[in-house]
Amino acid sequence: MTKDYDASAIKVLEGLEAVRRRPAMYIGSVGKRGLHHLVNEVVDNSVDEALAGYCTRIVVTLHKDGSVSVEDNGRGIPVDKHPKYGISALEVVMTKLHAGGKFDKKVYKVSGGLHGVGVSVVNALSEWMEVRVKRDGKIWMQKYERGKPVTQLEVAGETDETGTYVRFKPDPEIFEDTRFDPSIIEARLKELAYLNPGLEIIFRDEINGKEKRFCFENGIVDLVKELTKGKNALHDDVIYLKGEDNDVIVEIALQYTQMEGSSEFSFVNNINTIEGGTHVTGFRMALTKAIKEAMEKQGLLKEKGVNIESEDIRDGLTAVISVKVPNPQFEGQTKTKLGNSEVRNVVYSIVYSGLKDYFEKHPELIKNIGNRIILAAKARIAAKKAKELVKRKSALETTTLPGKLADCIERDPEKCELFIVEGESAGGSAKLARTRQTQAVLPLRGKIINVEKAGLVKVLRNEEIKALISAIGTGIGEEFDIKKLRYGKIIIMTDADVDGAHIRTLLLTFFYRYMPKLIEEEKICIAMPPLYRIKAGKDIYYVYSEEEKEELLKKLEGKKVEVQRYKGLGEMNPEQLWETTMNPETRVIKKVFMEDAIEADRIFSILMGPDTEPRKEFIMTHAKEAVNIDV
Ligand code: 0RA
């Protein structure tokens, strides 16, 4: 494509000291999100090589020592000498800021987008990094520590292949916790495989002994199929459109189902734009217009008193919008909202004319979808009436807190935590165990309502849900107001068994559907009660996984040990519950991230959608891992 690349094309801007001094400026945070950013950054470089047409396979490995490697079969990072700096292009890429990726005018680079900081940033924030490049018949190798080369660029062997291998271990001096979460890595890799049809991505998790291969010949059409699995699709074929205008490439795939609500997933240059943006606006405008016109033509809009709104048109919709934009401008709180205004019109005209054609060719389809939309409009009108009733009633009842809530004393929400606890008996222990000043406890009776199936009207009538809503204080849906949030952390505390996982999933479904902002703002957490209590002489250990138990037992070999397995929170006395699960100094909790929305949506609907077959299949195959359905 471009003419021969050589090292002189690389622009060098800065050294890496700045990155270590202010890491959050480059990767967003030094928490979990920032840590996983490192992997994204390295993988994105390989994906760019695939986008450029030179790489077909990427292997990502989570090694036992906590390092991650990314290997691709692309052209390999150039190793020739940079004329100005007298070091290899590879070393420039690895050790100079902003030197990576911006070589030529390859248009649609992932690494030019959200991540886009270059692999040198990853190097700077790694305790060590090792790079191997297969190129020009040789295997080249160089090692670095905290961004600085510790070996020369060496020839480590011969090969007739090409490609790049980067392995790194995040620096504990920088990150709060350097352990990767395999499910976060896996979700991103799967997403990338969907967005790059035909690209083979393999994830080897050597810590847990698992390997997954992702490769989707039909790209986002396969993704939509996956998302609507078990949701009673209204039509068999996923609608797919592709077009290009003004250097903007637009791809959309969509399907209607019987489910309430809509799921739209949007991407710009392979980056998930959680906050949407101009591409999503353009898509929605086109969808509304194309569908309204098609319904009109079929005489479906005649019924009086039923006004179709664009939210009715999206009800039951699952859509993936993927665009490639040369110079994306990202805005918004999480820098995941596309700002380029020219993209709105490009998407609009491609989608509008594409859908118009499609509906003309499939008149029976628009009847089917149209009836679904009219039902949605009627349901919306009914729900609005019901909601007004509930609001009027709750205005009379004033905003009383639920009787079951054991509230905390502190009034500054930032300092307060709410524990949502499964079952009255564990709730009782938690009330005894807590720090009254800052920790509140809300026990929920066993099964709360299934929000996915029930619909808004029923959900709002459910006692457990009402208690939850008034304890949290924000309201739901359109009335949601984060300023009224009564707790800085909301911690879901359930048993480490299948029932516990189910209740947790139900709660997360509720938050996902009705208070998504709480997930976005990282307010929701999951408590991790220990699985075992191990007593060796006077020492007591709590362990949180099978692996941890095995490791500890090995260490304690020879000593007399007592192993107790906790089946539920109820088996712990209040002191133990405090020590292991509630004490902020010693407990383990897991933040719930929106980034897993795709996976969450899938799990929610499989476990709780109206169709029972895939649910059975899911429960059978995942029964053993059910404890880990953390969304
Ligand atoms: C710039 C130029 C060329 C390759 C790459 C970058 C490259 C970078 C990475 C990062 C991970 N994997 C990668 N693969 C390739 C080569 C251009 C040429 O050979 O003409």
Side-chain angles (χ1 to χ4, degrees), residues 1-13 16 37-61 67-85 87-126 129-144 147 149 153 159-168 185 188-189 192-193 196 199-203 269-270:
M1 54 173 287
T2 46
K3 58 177 185 28
D4 255 17
Y5 166 87
D6 70 65
S8 64
I10 300 175
K11 277 204 206 114
V12 177
L13 296 177
L16 293 177
H37 224 109
L38 302 183
V39 183
N40 294 342
E41 189 58 47
V42 179
V43 172
D44 285 355
N45 283 293
S46 296
V47 173
D48 278 345
E49 193 63 3
L51 279 174
Y54 299 101
C55 158
T56 57
R57 191 178 131 103
I58 300 171
V59 182
V60 178
T61 307
S67 66
V68 164
S69 65
V70 178
E71 180 169 24
D72 68 52
N73 63 351
R75 289 168 295 180
I77 302 176
V79 290
D80 53 335
K81 247 194 187 134
H82 193 284
K84 193 163 150 207
Y85 293 89
I87 54 175
S88 68
L90 176 72
E91 188 172 326
V92 175
V93 169
M94 303 312 295
T95 62
K96 309 288 179 198
L97 198 52
H98 290 307
K102 315 258 155 64
F103 304 85
D104 44 21
K105 290 207 184 70
K106 274 193 291 176
V107 229
Y108 316 110
K109 286 176 146 305
V110 199
S111 55
L114 176 68
H115 308 135
V117 282
V119 68
S120 64
V121 167
V122 181
N123 193 11
L125 303 177
S126 294
M129 182 180 261
E130 180 185 322
V131 183
R132 288 163 187 263
V133 169
K134 289 190 253 175
R135 204 179 151 97
D136 311 326
K138 298 193 178 70
I139 303 173
W140 305 85
M141 185 176 89
Q142 190 167 31
K143 293 182 180 175
Y144 315 84
L153 178 62
T159 179
D160 50 12
E161 297 176 345
T162 63
T164 304
Y165 172 97
V166 176
R167 178 168 171 177
F168 67 97
I185 299 177
R188 172 65 180 156
L189 296 179
L192 280 169
N196 297 279
L199 175 62
E200 181 182 17
I201 305 183
I202 291 170
F203 180 41
N269 300 356
N270 286 334

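One-based numbering, in listed order, for ligands and for the atoms of each.
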Against heavy atoms of Arg75, which atoms of ligand 1 measure under 4.0 Å?
16 (C), 17 (C), 18 (C), 19 (O), 20 (O)
Atom indices of ligand 1 within 4.0 angstrom of Pro78 heavy atoms, with elements:
2 (C), 3 (C), 4 (C), 16 (C)
Contact (N/O only, under 3.5 Å) between Asp72 and ligand 1
yes
Between Glu130 and Arg167, is there a side-chain N and carboxylate O pair less than 4.0 Å apart?
no
Applying a heavy-atom cut-off of 4.0 Å, say which part of Arg135 lies close to ligand 1: side chain, backbone, both or neither.
side chain
Salt-bridged, Asp44 to Arg188, with N to O below 4.0 Å?
yes
I'd like to know if the side chain of Asn73 pairs up with that of Thr56 as donor and acceptor (distance under 3.5 Å, no hydrogens or angles considered).
yes
Shortest non-hydrogen separation from Leu199 to Ala50 and the atoms involved
CD1-CB, 3.9 Å
